[in-house]
Amino acid sequence: MTSTDPGTGNQFTVLGIETSCDETAAAVVRGPSEKAVLSNVIRSQIDEHCAFGGVVPEIAARAHIEILDHIVKEAMDEARCGWDDIDAVAATAGPGLIGGVIVGFMTAKAIAMAAGKPIIGVNHLEGHALTARLTDDVEFPFLLLLVSGGHSQFLLVRGVGDYERLGTTIDDAIGEAFDKTAKLLGLPYPGGPNVERQAKSGDRKRFALPRPLLDRPSLDMSFAGLKTAVRTQAKKLEPVDDQTIADLCAGFQTAVSDVLSARTKRALNLFKERHINTPPVLVVAGGVAANQEIRAALLQTTDDAGARFIAPPLSLCTDNAAMIAWAGLERLQLGPVDDMGLSPRPRWPLDSTNSGVLGSGKKGAKV
Ligand code: KG4
Ligand code: ZN
């Protein structure tokens, strides 16, 4: 296969690499005029981390090292690409678990240098933010709700590199709250799918669980107190029986869903105030978007607000390398890129003017 030279045409082919958490992934994407995911290879490390009830950074980094070159080869072979067919190499340069980010970004730099291609250091959040432009041709501006194990935030996406974080969690990310709630109830990692499974046979009204921060006017969220409320109820009834576990899962899931719906309603209102002539669009990304109750609630909320709801297919909604390749491609088409001097970074807010994410503490890496 062939592609147009960088900067001369409107078609690029980019190899993407993603290693910021517990997925080792490589993908080849072509675009922007004819958008195509030529390959999208992902290997999850869930089995390695399951025994510890969460992702262990050191194990993650070692697992990336062991397999990344095979994953890249698989992605290139599946796409039927040789190095000559690639216009650039894009890799996640942060934010994320730094060991894994170093493995992915340094591997990408080495490939770029050996193949004589430009390297693009992609912000993982930008990958999530721009995916809907690959899958659904979404125009700027739009609203993004990112709900994963590491992030929970509303972003106003105005253009490539032009983001405003409207609200975030002040403590746990939503997926993290699902995982911790599952763990305290004795359910396996990853917690989200297991909590959802249990919730199906549970009574959501049995326990009165809080909807944190909903009385505040901002778009910020908090989930640590909700998880603690589940723990407190479970402690009172120890040893908890299966029905109690199901009821707590159902109550927890509905509380999360209520918080997200209320915040989404407010975020859409804000969007409409700011962009009166743009039909409002809500894009949802991240593993928590797999949750059927949450998805249905978000769909209802966007419907009520007269907005369009877009959830990219789950394989592109959770962590993957196609989104990294695509974000690289969007930057490439704006002009030449050379991130050889860029260093991997554990923290990297998309909205660098928002001081809340700088430094450590409650508004730290998770946001
Ligand atoms: O986006 P993702 O695959 O990886 C990152 O965290 O970046 O998201 C994983 C998170 C985990 O916390 C997992 O428990 C949660 O998404 N998750 C779910 C569901 N499936 C995955 N949470 C709620 N309901 C689900 N069905
Ligand atoms: Zn992610």
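For ligands, and for the atoms within them, numbers begin at 1 and follow the listed sequence.
- At a heavy-atom cutoff of 4.0 Å, ligand 1 is contacted by both the backbone and the side chain of Asn291.
- Residue Phe178 places no N or O, backbone or side chain, under 3.5 Å from any N or O of ligand 1.
- Between Thr244 and Arg206, the closest side-chain pair of non-hydrogen atoms falls below 4.5 Å.
- Between Arg43 and the options Glu48, Glu18, Glu23, a salt bridge (Lys or Arg N to Asp or Glu O under 4.0 Å) holds for only Glu48.
- Between Asp171 and Lys227, no side-chain nitrogen of the basic residue sits less than 4.0 Å from a carboxylate oxygen of the acidic one, so the salt-bridge criterion is not met.
- With a cut-off of 2.8 Å, the protein N/O/S atoms near the Zn ion (ligand 2) add up to 3.
- The nearest protein atom to atom 11 (C) of ligand 1, hydrogens excluded, is given as Asp179 OD2, 3.6 Å; this is a heavy-atom distance.
- Through chains of ILVMFWY side-chain contacts below 4.5 Å, Phe52 is grouped with Val56, Ile59.
- At a threshold of 4.5 Å between non-hydrogen side-chain atoms, the residues Lys205 and Thr254 do not count as touching.
- The side-chain heavy atoms of Ile111 and Trp83, taken from C-beta on, include a pair separated by under 4.5 Å.
- When all heavy atoms are compared, the tightest approach of Ile170 to Ser222 is CG1-CB, 3.8 Å.
- Under a 4.0 angstrom heavy-atom cut-off, Gly150 registers as being in contact with ligand 1.
- Closest to atom 4 (O) of ligand 1 by heavy atom, among Ile294, Asp319, Val256, Thr318, is Asp319.
- Taking every heavy atom of Gly286 and a limit of under 4.0 angstrom, the matching atoms of ligand 1 come to 1 (O).
- Backbone and side-chain nitrogen or oxygen atoms of His128 are examined, and none is located within less than 3.5 angstrom of a nitrogen or oxygen of ligand 1.
- Formation of a donor-acceptor pair under 3.5 Å by the Arg295 side chain with backbone atoms of Ala289 is found in this model.
- Nearest non-hydrogen protein atom to atom 22 (N) of ligand 1 is Gly192 CA, 3.3 Å.
- Of the protein's non-hydrogen atoms, Gly149 N, 2.7 Å is the one closest to atom 6 (O) of ligand 1.
- At least one N or O atom of Gly287, backbone or side chain, sits closer than 3.5 Å to an N or O atom of ligand 1.
- A salt bridge does not link Asp85 with Arg80: every distance from a Lys NZ or Arg NE/NH1/NH2 to an Asp or Glu carboxylate oxygen is 4.0 Å or more.
- Close N/O approach between Gly175 and ligand 1 is found [any backbone or side-chain N/O within under 3.5 Å].
- Note: Phe223 and Phe178 fail the aromatic proximity criterion, with ring centroids not under 6.0 Å apart.
- With a 4.5 Å cut-off on side-chain heavy atoms, His124 and Val101 do not count as touching.
- Close approach of ligand 1 to Glu196 (heavy-atom distance below 4.0 Å) involves ligand atoms 25 (C), 26 (N).
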Take Thr301 and Asp304 through the test side-chain hydrogen bond (donor to acceptor under 3.5 Å, both in side chains) and record every step on the way to the result.
-> CA-CA 5 Å; Thr301 307; Asp304 293 347; 5.7 Å; no
